[in-house]
Q: 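Before I ask anything, here is the structure I am working with.
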Amino acid sequence: MLTYIIRRLLGMIPMLIAISIFTFLMMHLAPGNAIDAMINPRIKDLAQVQKTLEAQNGLNLPLPVQYLHWLWNVLHGNFGFSFSQHQPVSSLLGPAIENTLILAILAEILILIIGIPIGIMQARRPYSRLDYSTSIVSFVFFSVPYFIFAIFLMYVFAIHWPIFPAQNAVGTGPNSGSLIDHIYHALLPAISIALTSNTVYSRYTRGSMLDVSRQDYVRTARAKGLQEGQVFRKHVFRNAMVPIVTQFGFDIGGLIGGAVILEGLFTYQGMGLLTINAVSQRDYPVIMATTLLIAIGVLIGNLVADIMYAIVDPRVQYN
Amino acid sequence: MAKVKKTAMATLAVAASVAVVIAGCSTNTTNSAKPANTANTNTGAASTSTSQTLVIAQTTKYDDQFIPDMDASLYTANIVGYAYDPLLTVDKNLNFVPDIIQSYSYSKDKKTVTMHINPKAKWSDGQPVTSDDVLFTMNYLGSKTYATTLQGQYGYLVSPLVGSSELASGKATDFSKVGGFTKVNNTTFELHFQTVDAAALYSDIASIQPIPEHVFSKIPMKDWVTASEDKMPTVTDGPYEFVQVNGQDSVEMKANPNYFRGKPKIQNVVFKTVSESALPGLLADGSVNFAMEGLQLADVDKLKKIPNIKVVTPPENGFDYLGLKLYKPEFKNVKVRQAFEYALNRKEMIQGIEKGYATPIEGPLPPVSWAYTSKGMNPYNYNVAKANQLLDQAGWKKGADGMRIDPSTGKEANLTLSYSSGSTVDAQIAVAVQQAFKAIGVKVTINPPMDFNTLATKVENDDKSIEMWLMAWSLGTDPDPRGLWDSTDAMNFPRWKDPKNDKLIAATFDAASFNKANRKAAFAKWAQYVNQQLPYIFLWAPDTPYAWSSNLQIPAKDMSTLGPINPQDWSYS
């Protein structure tokens, strides 16, 4: 297993390099750069200022050289300097990652504690009225984009009844930035995500449990005289978790990317907003850094999914 | 507006609304409306308002760097303007009035100005604001480190001074050693200009916000960008001082008890970044007390129905326009440009597209400018017959199908129009232009929208695909035309090269124009020439909506044409 993990981790390196080259080229294909976009008529010799800044940022060098510079700096832990925000990229990434992780973890927890029990309930009494009614509700929620919920929740629970904050990732005052403050601010957006996305887990759980409950070993368990509850807990549920655990691994990969529209609605300063703003301003160093982190997140998430798959299902061998 | 627009002249904005923050575009530090608002709870949840807190909302995030001019974003500058005062500020009619500088006078040769610092001006730690602080700030803005390592964009503020190029190239580091600055005593200094220029003081120098030398001289300038003093300055001289910066979400400030123009009546100010879609709701429930920007004209009528808030829509100091690349043969004949201006029913377009919240303009100076005059200006009222007649005279004959032939190609004219997807109204303006031109027999093809940066880059670099385009200028406080209108200006997007225009512009800042009445007359002459030549097809000056809680009292003298100013005067009833 260890060899497998090491092999996978090493395999990520060429993949990350390929992703970064691809992103780098894509960005430079887009017309204009952050410095071109400086449009201040008061600057008397704009062309000269732009030239100075381009030289300062190495934008006048050939593309391969620029890329190697970037790579060299990243290997030394330096993500560069944001053109549009005038500060080191690393000082922008820290808060954005923190906010995004808090929101994503909270949302994931809500998704699991809503989705899995619903799936179990439905699988215990398939094709019953309960199954149909909860399924219909789940599908309706799944079909509605989560930002619709976000607007609705914000209006009802933040503006009409001011229970939750309507905006931002942290509040003001002495508690600003504390974990509780963070969670309090992340709750409403997390609920918006969870209302939609829990359906994935409830459907996986239901389907997988129904599959498993038709297996011979379940029939055997029942034949042994085990109580129905025990059959489901010990034999059906555990075995049905295999695909869910895999899905969970993939979710981890998606966590770090943030949720652009939702973050915009709640002005929740996470990775999504950071990335989208950087793209619209051609802020190359920020785009490169966020893309790289998101790619690492996805690759690691896939690896975790594979590892967890092996852990929950002893039949899976990687060696 | 307590302060002066920093970009002295013009900031490019997406036509109709600055939905996109552009590095450099956003330089417009209007310290304008500093707004105010409500209350905050510890968590920032729906606040219960206390009368002592003003919650100000912006819908574009600031960058958390607050040394004046370190960051180029307008939204950052809006906050910085509450903490630092400029040398000169503006009154409600955009005239420059004393601030840190209480009086100044020019030498006979007009190349030196002697400035007197208000002796009451103090830093929040009690130390006086001195000539040394001003010199230190000018050395910072003029330095090579600022322009390169810190990537600062406001070096131009000190560029009129003698020796600015030595500082910029790194050959010198101190204006007082290269002849740009002379300290007379602690509160008096002289600035020496390279040329006689009636605009330089207002369009560049006035908006410099001094920083305290006794604080910043201890930190090497190259490290400022990561210094804690940049993340949250501790010593300021404006009406408010920083209490806490909560990332890029909110900034908490409190009244500066030493503020020399009077201690602010409202004790606490919180700047918050909120989303445009939530802003009206937050105003309605009182968790935001002042919307400094981000309201849409299309929403004004709805906002006016919300009880407890007051909505005003002063006209913007800027204009929307239809640009033409004048080097293209089809636009060379002035009659063609005039025909286009006549062909647009701008009053109707304003009603339909801007909901009535805009004023048609016919020249380069918007009506809010003190330099504006309607005398001698052709208003180009909607007149299809006149437009057709002008096109006939210009040789644009109608073909068999009623569409006109472009004499420069001998083929049916087909003009392309580009616009940005960042604006909410440009798509509608484009269609209106297309229909209006069709009515005079000129075919217009609308290009698919581009994101703002792409369009701006293509326009600026004279990309071949750009023939006509929609954009807007948001202008600086001083009407100095340089930067946008001179034949050699990079931002002269139409590429209008006309020696007569350059001469008329030069007259607006020559020795005679140190007299304001003379300067106004020079502007009138220039504006009349532009009005006749039409390098742009002028559209209108849009209004800018502001809204605040109705219990927030803003004195009439602080209701500037660009929104509320002087937050220290505001109070709660």
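Residue numbers start from 1 in every chain, and the chains themselves are labelled A, B, ... in the order their sequence lines are given, proteins ahead of strands.
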Q: Find the one option among A490(B), G155(B), G281(B) whose heavy-atom pairs under 4.5 Å with chain A are most numerous.
A: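 Most heavy-atom pairs under 4.5 Å with chain A: G281(B).
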Q: Would you say that P88(A) contacts T226(B) through its side chain, given a criterion of any heavy-atom pair below 4.5 Å between the two side chains?
A: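 P88(A) vs T226(B): side chains touch.
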Q: Can you name the nearest heavy-atom pair linking L282(B) to A166(A), along with the distance?
A: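 Result for this residue pair: CD2-CB, 3.7 Å.
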Q: May I ask you to decide if S250(B)'s main-chain N or O and N168(A)'s side chain share a donor-acceptor pair within less than 3.5 Å?
A: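 Answer holds: no.
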Q: Under the side chain to side chain contact (heavy atoms under 4.5 Å, CB included) criterion, do Q87(A) and D71(B) qualify, and how do the steps go?
A: CA-CA 9 Å; Q87(A) 48 187 315; D71(B) 186 52; over 6 Å; no
Q: Has D249(B) got a side-chain atom pairing as donor or acceptor with G171(A)'s backbone, closer than 3.5 angstrom?
A: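 Side chain of D249(B) to backbone of G171(A): no pair is present.
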Q: For M154(A) and A278(B), work out which heavy atoms get closest and say how close.
A: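 Distance-wise, the nearest heavy atoms are SD-CB, 3.8 Å.
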Q: Tell me if a side-chain donor or acceptor on S176(A) pairs with a main-chain N or O of N246(B) at a distance below 3.5 Å.
A: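 Absent.
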Q: Quick check: are there more than 12 heavy atoms from other residues, nucleotides or ligands sitting under 6.0 Å from OH of Y155(A)?
A: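 It does not: Y155(A) OH has 12 such atoms or fewer within range.
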Q: Is any side-chain heavy atom of T454(B) closer than 4.5 Å to one of R282(A)?
A: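 They are in contact (side-chain heavy atoms under 4.5 Å apart), so the answer is yes.
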Q: Rounded to the nearest 0.5 Å, what separates atom OG in S277(B) from atom CG in L265(A)?
A: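 Output value for this atom pair is 4.5 Å.
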Q: Can you say whether Q244(B) sits under 4.5 Å from chain A via the side chain, the backbone, both, or neither, judging by heavy atoms?
A: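 Side chain only.
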Q: Please report the interatomic distance CD(Q167(A)) to OG1(T59(B)), rounded to the nearest 0.5 Å.
A: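 Output value for this atom pair is 10.0 Å.
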Q: Find the distance between CG (D63(B)) and CG (L92(A)) and round it off to the nearest 0.5 Å.
A: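 It comes to 7.5 Å.
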Q: What part of K144(B) is in contact with chain A, defined as an atom under 4.5 angstrom from a non-hydrogen atom: side chain, backbone, both or neither?
A: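 For K144(B), neither part sits under 4.5 Å from chain A.
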Q: Please step through side chain to side chain donor-acceptor pair (under 3.5 Å) for the pair D64(B) and Q85(A), ending with a clear verdict.
A: CA-CA 8 Å; D64(B) 44 345; Q85(A) 302 199 39; over 6 Å; no
Q: Please say whether more than 12 non-hydrogen atoms of neighbouring residues, nucleotides or ligands are located less than 6.0 Å from NZ in K254(B).
A: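 For K254(B), atom NZ is not crowded (no more than 12 foreign heavy atoms under 6.0 Å).
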Q: Can you tell me how far the OH atom of Y268(A) sits from the OG1 atom of T273(B), to the nearest 0.5 Å?
A: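 Here the interatomic distance stands at 14.5 Å.
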Q: Can Q65(B) and H86(A) be said to form a side chain to side chain contact (heavy atoms under 4.5 Å, CB included), step by step?
A: CA-CA 8 Å; Q65(B) 314 206 71; H86(A) 302 93; 3.2 Å; yes
Q: If I measure from the heavy atoms of chain B, does D283(A) come under 4.5 Å with its side chain, its backbone, both, or neither?
A: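 D283(A) has no heavy atom closer than 4.5 Å to chain B.
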Q: Can you tell me if I180(A) has over 12 outside heavy atoms packed within less than 6.0 Å of its CD1?
A: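 No, not enclosed.
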Q: For residues F81(A) and V225(B), report the shortest heavy-atom separation together with the two atoms involved.
A: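 Heavy atoms of F81(A) and V225(B) come nearest at CZ-CG2, 3.6 Å.
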Q: Does any N or O in the side chain of Q56(A) come within less than 3.5 Å of the main-chain N or O of Q151(B), such that one atom is a donor and the other an acceptor?
A: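 No, Q56(A) side chain to Q151(B) backbone: no donor-acceptor pair under 3.5 Å.
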Q: Looking at T172(A), is its backbone amide N or carbonyl O close enough to the side chain of E252(B) to form a donor-acceptor pair, meaning the two atoms are under 3.5 Å apart?
A: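 No; judged by distance alone, with no hydrogens or angles, the pair does not exist.
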Q: Mind checking the OG-CD1 spacing from S275(B) to I261(A)? Nearest 0.5 Å is all I need.
A: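 The CD1 atom of I261(A) is 12.5 Å from OG of S275(B), to the nearest 0.5 Å.
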Q: Enter the distance from T267(A):OG1 to E276(B):CD here, rounded to the nearest 0.5 Å.
A: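 Interatomic distance, T267(A) OG1 to E276(B) CD, rounded to 0.5 Å: 11.5 Å.
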